[in-house]
Structures are given as C-alpha cells and as structure tokens.
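Right, one structure below, let's go through it.
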Amino acid sequence: MSLDGKIALITGAIKGIGRAFSEILLKNGAKVSLLDINTSEGNELKTVFDSAYGEGRTCFIRCDVSSETELNDAFQKTIETFGRLDIICNNAGILDEQDWEKMVSVNLNGVIRGTLLGLKHMKKEEGGVIVNVSSLAGLGPLPSAPVYTATKHGVVGFSRALADGSSLLGLGIRINVLCPAFVDTHFFKSEINETLAALQDARNKLFHQFGVLQLRTHCCGVQHVYRPVTTGPDWFSACSNCFNYRLS
Ligand SMILES: NC(=O)c1ccc[n+]([C@@H]2O[C@H](COP(=O)([O-])OP(=O)(O)OC[C@H]3O[C@@H](n4cnc5c(N)ncnc54)[C@H](O)[C@@H]3O)[C@@H](O)[C@H]2O)c1
Ligand SMILES: CCCCC/C=C\C=C\[C@H](O)C/C=C\C/C=C\CCCC(=O)O
C-alpha cells in the first residue's frame, strides 16, 4: 500500500495507538503531522522519526484537541508545512471518570472538531480518509466507565451519520470508525480507582472475553482501514479473538 505524497494528521500521536498509526503511515510513504500535548516528548519523537524515515517527513505540533483555537491552528500549520491534507486520524483520548467534563471535551468534542476541520481542509476533488478512534465501548457498555462509554458511543454515532452524509453528497471523503477492545498501551495501565476496584470482576470478565491486543496486531488492521479507495462509510471493530471485522 503506497501512500507516497499523502499527508496525514494524527492527534495523540506520540504514544500508543497514535504512535503506531504514525509509524505505519511513515513506513508506507506518507508525511505525518504529529499532534500531542507533550512538547518535549513530541520533539523527541520527531527526532526519532527524522533519523528513521528521513528529515522533512514529519512535523510535531503541540496541540490540546479540547482547545478549538489550538486545533484550528494545528490544522493551519499542517497545511502551511505540507501543502495539503489527505488522511486524518482523530485518535487522542483519555479515560478519566472523575474529570468527566474534560474527558468529554477530549474524546468527543476533539473528534467532532477534528473531523469538521478535516472536511474543511481536505481537497474534495482528491478525496480523503478520516479515521475516528472510538472503542468497543462505543458499541457496548464498559460498566466501570459510563461517561467514557458515552463519549465513545458519541464518536460512533457522529462518524456514522457523517459517513453516510459524505457518501450521499459524493464528497469523496471516507469516514471510518475504529472500535478496538483492550490494547496494551499506557492508557491500559491507567490507575484503577476505588470504583474500578469494586468492578474488578466485571473488568476481568471483559479482559477474558476480549483479550488484549498488542499494537503490532492492531497495526495490521490499520493498513486495511487506510486503503486509498473512496467508497461509502466503513467502520470496524477490533478485538483479539475476532480481530477485525466490518460491521454492516
Ligand atoms: N488502550 C486501549 O485499551 C484502548 C481501547 C480502545 C480504544 N482506545 C482509544 O484509543 C485512543 C488512543 O489510546 P491509547 O491506548 O493509545 O492511549 P495512550 O494514553 O497510550 O496515548 C494517548 C495519546 O494521546 C495524547 N493526548 C491525551 N490527551 C490529549 C489531548 N487533550 N490533546 C492531544 N493529545 C492528547 C497523550 O499525550 C498520548 O500521547 C484513545 O481515544 C482511546 O480511547 C484505547
Ligand atoms: C461490548 C462491551 C464493552 C466492552 C469494552 C471493551 C473494551 C474497551 C476498551 C476501552 O476503550 C479501553 C478502556 C479502558 C482500558 C483500561 C482499563 C480499564 C478496563 C475497564 C474497567 O476497568 O472496567
């Protein structure tokens, strides 16, 4: 799958799934705009990518996706740097049931804003791909994380509606939703607070039922998602035992 000449923008790009997406895209020839909140780690990662894939293949932009101004500016800087936008991955997300309003502004508002900015900046006639990262918790309840579940259901509903709209209007922009189960990242190691501890049994049942994806496995699925064909709405669920199947 050659992505030579394609320009991608990834939010939450310096760790976990976002970093894996970035590497897949770089390995396949794309240039990547890396958005994240941690400037020092972001600049470090750019240095790593420069030596691995060549100078000029990436740029790092400090951006908190919950800030409208920062996200607007990051899209603008990406266009100024690379001249176009073909692929967007709205990946950044957190799990924080205590500060649930912040979680809504990151996990849902950030994805909505990133998607609308993508539609605004992508060249309609040349098509484009938007991948929104939800979760299996976007398709069913995660008992220990009700607000997280709501944000991820919101990402699925918003993306499906927009995908159908894009298809009906012939916008040439494909909108995908990725719904992974548990993936072994920093996110996964988030602190278990007393609520989660009380739901330990429910949690362990889910771990047993869905298993834990390793990023390498997860990346293989990404290549399928990014195939450069503009068709109707695609969305995928991913869990270790029935890795990647297309839902309706
Ligand atoms: N790990 C899992 O089990 C799992 C399962 C399903 C879905 N997801 C989703 O996948 C996405 C990535 O998760 P991960 O496991 O790679 O997490 P992670 O914590 O390893 O990485 C998340 C990245 O996003 C960045 N980030 C956090 N808040 C941000 C903000 N406001 N603005 C910009 N960047 C921000 C972090 O700095 C980090 O680099 C999230 O949306 C998460 O909900 C994760
Ligand atoms: C179909 C029923 C929903 C099953 C949800 C399965 C996976 C969800 C993955 C989330 O996106 C990742 C969230 C948290 C992962 C880390 C630890 C907490 C596990 C959840 C808990 O403690 O109950």
Side-chain angles (χ1 to χ4, degrees), residues 9-23 33-42 44-45 60-68 70-71 74 89-97 99 101-111 113-114 131-156 159 177-215 218-219 221-222 236-242 247:
L9 178 148
I10 307 239
T11 69
I14 63 177
K15 280 195 201 110
I17 294 170
R19 175 168 175 160
F21 278 174
S22 305
E23 295 232 40
S33 182
L34 310 161
L35 274 54
D36 212 299
I37 47 178
N38 188 311
T39 303
S40 57
E41 289 184 19
E44 267 170 45
L45 183 62
F60 171 72
I61 302 170
R62 196 236 167 253
C63 170
D64 178 342
V65 298
S66 65
S67 158
E68 181 178 9
E70 291 186 24
L71 204 49
C89 179
N90 292 300
N91 161 73
I94 59 174
L95 172 59
D96 186 345
E97 292 289 324
D99 191 350
E101 286 176 299
K102 177 184 170 193
M103 181 164 60
V104 171
S105 60
V106 173
N107 294 11
L108 184 56
N109 299 9
V111 170
R113 217 168 261 134
V131 178
N132 290 334
V133 181
S134 175
S135 159
L136 210 50
L139 304 174
L142 188 54
S144 61
V147 179
Y148 178 84
T149 298
T151 66
K152 294 304 183 175
H153 273 66
V155 169
V156 171
S159 304
V177 190
L178 210 53
C179 298
F182 301 110
V183 184
D184 188 6
T185 69
H186 294 268
F187 193 93
F188 187 81
K189 298 177 178 74
S190 53
E191 280 304 305
I192 303 291
N193 63 28
E194 64 284 352
T195 313
L196 296 187
L199 291 165
Q200 186 95 23
D201 284 353
R203 179 162 62 89
N204 294 339
K205 280 199 184 81
L206 287 170
F207 284 167
H208 182 72
Q209 182 180 354
F210 294 108
V212 179
L213 287 168
Q214 296 305 314
L215 276 179
H218 189 74
C219 292
V222 168
F236 301 83
S237 174
C239 53
S240 49
N241 44 18
C242 48
L247 298 167

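Computed from a predicted structure; not experimentally measured. As the structure lists them, so they are numbered: ligands from 1, and atoms in each ligand from 1.
- Each of the atoms 40 (C), 41 (O) of ligand 1 lies under 4.0 Å from some heavy atom of Gly93.
- For ligand 2, the atoms sitting less than 4.0 Å from at least one non-hydrogen atom of Phe187 are 12 (C), 13 (C), 14 (C), numbered in the order shown with element in parentheses.
- Looking at Leu139 against ligand 2, nothing comes within 4.0 Å, counting heavy atoms.
- Proximity of Asn91 to ligand 1, defined as any heavy-atom pair under 4.0 Å, is shared by backbone and side chain alike.
- Heavy atoms of Pro141 approach ligand 2 to within less than 4.0 angstrom.
- Applying the 4.0 Å criterion to heavy atoms of Ala92 picks out, from ligand 1, the atoms 33 (C), 34 (N), 35 (C), 41 (O).
- Considering backbone and side-chain atoms together, Asp36 places an N or O closer than 3.5 Å to an N or O of ligand 1.
- Of all atoms in ligand 2, numbered sequentially from 1 with element shown, those under 4.0 Å from a heavy atom of Leu142 are 5 (C), 13 (C), 20 (C).
- Scored by the side-chain contact (heavy atoms from CB on, under 4.5 Å) test, Asn91 finds Thr11, Ile17, Cys89, Val133 as partners (sequence neighbours excluded).
- With Phe21, Tyr148, Phe187 as candidates, the residue nearest to atom 17 (O) of ligand 1 on a non-hydrogen basis is Phe187.
- Residue Phe210 approaches ligand 2 through these ligand atoms, each under 4.0 Å from one of its heavy atoms: 1 (C), 4 (C).
- Close approach to Ser135 involves these atoms of ligand 2, each under 4.0 Å from a residue heavy atom: 8 (C), 9 (C), 10 (C), 11 (O).
- For the pair Thr151 (side chain) and Val104 (backbone), a donor-acceptor distance under 3.5 Å is absent.
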- Message: Using side-chain contact (heavy atoms from CB on, under 4.5 Å), reason through Val155 and Asn107 one step at a time and then give a plain yes or no.
- Response: CA-CA 8 Å; Val155 169; Asn107 294 11; 5.7 Å; no
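- Residue Ser134 touches ligand 1 through its backbone alone, judged by heavy-atom distances below 4.0 Å.
- Contact annotation: the side chain of Asp36 never approaches that of Glu41 to less than 4.5 Å [non-hydrogen atoms, C-beta and beyond].
- Remark: ligand 2 atoms within the under-4.0 Å shell around heavy atoms of Ser144 are 20 (C), 21 (C), 22 (O), 23 (O).
- The N/O atoms of Phe182, backbone and side chain alike, include none that comes under 3.5 Å of an N/O atom in ligand 1.
- For Ala137, the side-chain contact (heavy atoms from CB on, under 4.5 Å) partners two or more places apart in sequence, or in a different chain, are Ser135, Leu142, Tyr148, Thr149.
- In terms of heavy-atom proximity, Ser105 sits nearest to Asn109 at O-CB, 3.3 Å.
- Interface of Val106 with ligand 1, defined as ligand atoms under 4.0 Å from a residue heavy atom, comprises 31 (N).
- Between Ser66 and ligand 1, no pair of N/O atoms sits closer than 3.5 Å.
- Those atoms of ligand 2 with a heavy atom of Gly140 less than 4.0 angstrom away are 1 (C), 2 (C), 3 (C).
- Proximity to Lys152 (heavy-atom distance under 4.0 Å) selects the following atoms of ligand 1: 40 (C), 41 (O), 42 (C), 43 (O).
- Near Gly16, meaning under 4.0 Å from any of its heavy atoms, are these atoms of ligand 1: 16 (O), 20 (O).
- Counting the atoms of ligand 1 from 1 in the order shown, those under 4.0 Å from a heavy atom of Asp64 are 30 (C), 31 (N), 32 (N).
- The Thr185 neighbourhood of ligand 1 comprises atoms 1 (N), 14 (P), 15 (O), 17 (O), 20 (O), with distances under 4.0 Å to a heavy atom of that residue.
- Atoms of ligand 1 lying under 4.0 Å from at least one heavy atom of Val133, given by number and element, are 9 (C), 10 (O), 11 (C).
- Considering backbone and side-chain N/O atoms, Ile17 comes within less than 3.5 Å of an N/O atom of ligand 1.
- No part of Ala13 comes within 4.0 Å of ligand 1, judged by heavy-atom distances.
- Taking every heavy atom of both residues into account, Val156 and Cys179 meet most closely at CG2-SG, 4.0 Å.
- Geometrically, ligand 1 and Val183 share a nitrogen or oxygen pair separated by less than 3.5 Å.
- Nearest-heavy-atom check against atom 27 (C) of ligand 1 across Ile94, Leu95, Leu142 picks out Ile94.
- Counting heavy atoms under 4.0 Å from ligand 1, residue Cys179 does not touch it at all.
- Phe60 approaches Ile14 most closely through the heavy-atom pair CE1-CG2, 4.2 Å.
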